[in-house]
Amino acid sequence: MFTSAVLRSLAAISMFASITLAALVEVTNFGSNPGGAKMYISVPSNLAAKPAIVLALHGCSGTGPYYSLSTDYSALSETHGFITIFPSATQTSEHCWDVATTASNTHGGGSDSLSLVNMVQYALTKYGGDPARVFVTGTSSGAMMANLLAGTYPDVFAAGVAYSGLPCSCLLGSPGSGPSSADPACANGQVKKSPQEWAAVVEKCYPGYAGEYPKMMIWHGTADGLVNYANLGETLKQWAGVHGVEFAANQTGTPQSGYTKMVHGDGTKLVGFSASGVGHTVPVNEAEDLKWFGITE
């Protein structure tokens, strides 16, 4: 038997969930959608002038609405006035983002990456967003797509955050993008390249691009049993090669006990976080994300 206190708590949770989900609006007419993804958008009541746009990407088996519930971006947007897009992947039964096809790994090529960019462009136009403050963050499969978008559409995104993912285009050519369909070499940490080799992989995503690439923040747990911890080092090497920076210093106990911040260069273009004993996935740290994006100080 549930006690009255438990029932009240369950009712409160249900009410909170309903309120949070009600704040999400599904958009079906955002433009070309070659990946068939679903778009959900959270617009705060105190929308800032020229608001920042945050694209927040779920992992495999997830949905945009669930990711909105399991993170605090929507709540924080009420304080800071930014817009959050929570898309849902639909192409496969695993509900993972397509990071394997040539289309998704090519600027303007199609599939999920282009669908997601078109969602961003819709939000920028409809709400007068700031094109210089468009950011992407994601967990697991969402982190893989965050790295991919940073490499494939560097003209759209100013910064990215990836929790427990893979380097950009690591799965290019794989039979699929999910745990049961992907070539396991990347997830097992067996794909090794130099910073220069990884940078060349990124450059192939947008041939001829000569502009700036997004600054990146990469998180990974040392006990990750699904996406091997070695991918933290490989992803950092990739973006170090892109930005032309080298490892500078470790800062232990940052942002909390058991975590180590890995600073590259002066720390403005690339940082990593190693989470000791943490499995798959590293919990989202929205406060650090927003600082990295420049939304908060």
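Remark: of the listed residues Tyr73, Phe157, Phe82, Phe293, Phe293 is the sole one forming a ring pair (Phe, Tyr, Trp, His ring centres under 6.0 Å) with Phe135.
In this structure, the side chains of Val54 and Ile295 come closer than 4.5 Å at one or more pairs of heavy atoms. Taking 4.5 Å as the limit, every side-chain heavy atom of Leu57 sits out of range of all side-chain heavy atoms of Tyr163. Contact check for Asn147 versus Trp239: side-chain heavy atoms found under the 4.5 Å cut-off. Between Ser61 and His95 the shortest side-chain heavy-atom distance does not fall below 4.5 Å. In this structure, Val278 and Pro283 have side chains that are in contact, with non-hydrogen atoms separated by less than 4.5 Å. Looking at Tyr153 and Leu114, their side chains come closer than 4.5 Å, going by heavy atoms from C-beta outward. Counting heavy atoms from C-beta on, the side chains of Ser68 and Thr84 never come closer than 4.5 Å. Considering only heavy atoms from C-beta on, Leu149 comes within 4.5 Å of Leu55 through its side chain.
Ser42 and Ser74 share a side-chain donor-acceptor pair at under 3.5 Å. In this model, a donor atom of one side chain and an acceptor atom of the other lie less than 3.5 Å apart for Ser140 and His280. Side-chain contact annotation: Ser180 with Glu94, donor-acceptor N/O pair under 3.5 Å present. A donor-acceptor contact closer than 3.5 angstrom is absent between the side chains of Asn250 and Thr260.
In terms of heavy atoms, Ala182 sits closest to Leu171 at CB-CD2, 4.0 Å. Nearest heavy-atom pair, Gly35 versus Gln91, reported as atom, atom and distance to 0.1 Å: O-CG, 3.0 Å.
The ring of Tyr67 has its center no closer than 6.0 angstrom to the ring center of His58.
Counted within 6.0 Å of CD on Glu212, heavy atoms from surrounding residues, nucleotides or ligands total 12 or fewer; the atom is thus considered open. More than 12 heavy atoms of other residues, nucleotides or ligands sit less than 6.0 Å from atom CD of Glu197. When the shell of 6.0 Å around NZ of Lys38 is examined, it contains 12 or fewer heavy atoms from other residues, nucleotides or ligands. For NZ of Lys126, the number of neighbouring non-hydrogen atoms (other residues, nucleotides, ligands) closer than 6.0 Å is 12 at most.
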Verdict with supporting geometry, Val191 and Glu234, side chain to side chain contact (heavy atoms under 4.5 Å, CB included): CA-CA 8 Å; Val191 179; Glu234 295 304 307; over 6 Å; no
